[in-house]
Amino acid sequence: MKKLLSAFKSAPAISAADVETVRERIVALTEERARIEALPRPPEETLERLEAFLDECVDRADLSYFTGKFRWGTASSLPVLNAEGGAILALALISYCCRDVVMSRLGEIVADQFEGKQFATAEEQARLLAEADAEILQLSKAEERAIRAAEAAGVSIARREDAMPAVVLSFDEDLAA
Amino acid sequence: MTNRIDTDRLTHITERATMLQAQTRGVYETLREVQDQIRLLVRQRQATAMQLEDLRIKDTGDLERQDARIEALRRVAAEREKQHAAALEKSTPAYRLAERCLAYARERGVKLPTEHHLATGLIGAIGQ
């Protein structure tokens with residue numbers, strides 16, 4: 001990319017084709033950015049979050065309220081639980097009884113899901129996104145410099161509708177690489 | 001990268017978008033005129049055909065002349081539609097970018113003179 005950017009700094013004549021080359025790179029980087037953004041967390045973090053969810057179910061499930069519902073009535077008129085309350089209660093009960101078995105099985109499922117797949121920790125993802133953003137910004141500035149150089153030479157090149165306003169509206173001196 | 005905003009450039013981008021919009025609107029209006037003429041001629045041709053039928057007169061060439069005129073206008077309309085599509089292709093991205101630039105400037109407290117506002121909206125939606 002440095003070669004591409006330096007060409008834009010020194011080239012006396014800028015053509016629409018040159019701008020197109022930078023735009024293609026911006027599109028590719030934007031797609032890469034979206035891919036990075038969609039990367040899942042590592043399996044260990046996924047399991048940590050699953051376990052935290054089970055802990056939360058245990059915290060939220062009110063077993064004394066649950067048992068209280070059965071103090072009256074008959075075997076033929078059982079109390080009704082709503083779907084969310086029922087699910088939380090079920091997960092809490094499972095966690096009480098066999099947390100290790102559940103986590104072991106979930107670990108196997110998560111391992112299968114991640115087989116051969118890429119993932120990133122929050123820190124890795126933030127770093128990769130920052131790198132992609134920095135490169136997109138540099139390319140956008142190179143693109144804008146090229147468009148302005150072409151305009152100065154009397155050639156009008158339309159700006160992209162998704163160009164960065166911060167770049168498009170910057171002063172010439174702020175566009176320096 | 002600083003957050004300074006070049007308001008002259010904002011004006012330039014907004015004016016360019018407005019100019020392209022005006023061009024698009026101009027092409028669209030000429031297209032509408034031709035389409036109106038075609039509708040009028042088609043109605044006239046139908047009236048001529050009914051009169052000839054009522055009078056039991058064989059076509060004296062009027063219908064042929066009207067058909068030829070309608071056909072010619074349809075070719076003009078097709079050409080105008082192409083021009084309109086091309087104008088729209090240029091003006092829409094310029095308009096959208098100008099809108100985003102205006103919003104960006106507004107968010108950063110840049111006070112915009114009224115002429116910076118894009119008042120007309122996108123042309124493509126008219127009558128379609």
Side-chain angles (χ1 to χ4, degrees), chain A residues 1-2 5 8-9 14-17 19-27 29-30 33 129-177, chain B residues 1-27 82-118 120-125:
Chain A
M1 190 196 70
K2 275 183 186 159
L5 293 176
F8 273 96
K9 269 194 237 174
I14 303 292
S15 72
V19 174
E20 203 46 49
T21 308
V22 177
R23 285 179 176 170
E24 281 167 14
R25 183 77 186 118
I26 290 172
V27 169
L29 268 171
T30 306
R33 194 194 186 285
L129 286 174
E131 280 174 14
D133 286 342
E135 202 172 341
I136 289 170
L137 177 64
Q138 288 306 312
L139 284 164
S140 297
K141 285 159 84 174
E143 178 193 21
E144 182 61 22
R145 282 198 303 273
I147 290 172
R148 291 185 190 185
E151 275 174 359
V155 179
S156 175
I157 299 175
R159 288 176 173 82
R160 285 178 292 124
E161 69 178 71
D162 58 349
M164 289 181 186
V167 171
V168 171
L169 298 179
S170 59
F171 289 91
D172 287 344
E173 57 268 31
D174 295 335
L175 275 183
Chain B
M1 178 119 195
T2 69
N3 284 324
R4 295 192 305 159
I5 290 176
D6 184 345
T7 49
D8 287 344
R9 198 160 290 284
L10 178 63
T11 305
H12 169 73
I13 284 168
T14 312
E15 282 176 357
R16 180 171 162 72
T18 308
M19 184 264 290
L20 288 171
Q21 273 189 297
Q23 282 178 0
T24 308
R25 188 177 293 279
V27 175
K82 274 190 213 159
Q83 289 170 353
H84 177 242
L88 207 54
E89 206 172 303
K90 271 175 88 174
S91 66
T92 304
Y95 175 85
R96 290 195 175 133
L97 176 62
E99 261 197 336
R100 291 177 55 241
C101 286
L102 284 168
Y104 177 83
R106 264 190 225 111
E107 278 167 18
R108 277 146 193 84
V110 174
K111 202 163 164 49
L112 304 165
T114 48
E115 64 265 27
H116 280 183
H117 290 276
L118 290 170
T120 45
L122 284 172
I123 310 297

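Chain A is the first sequence line, chain B the second, and so forth, proteins listed ahead of strands; every chain is numbered from 1.
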Is the CD atom of Glu161(A) crowded by more than 12 outside heavy atoms at less than 6.0 Å?
-> yes
Residue that, paired with Phe171(A), satisfies side-chain contact (heavy atoms from CB on, under 4.5 Å) out of Asp6(B), Ile5(B), Asp8(B) = Asp6(B)
Side chain, backbone, both or neither of Arg16(B) within contact of chain A (heavy atoms, under 4.5 Å) = side chain
Between the CZ atom in Arg100(B) and the CG atom in Asp162(A), the distance rounded to the nearest 0.5 Å is 6.5 Å
Checked Ala105(B), Ala103(B), Cys101(B) vs chain A; the most non-hydrogen pairs under 4.5 Å come from Cys101(B)
Mind listing the closest non-hydrogen atom pair of Arg9(B) and Leu169(A) along with its distance?
-> C-CD2, 4.4 Å
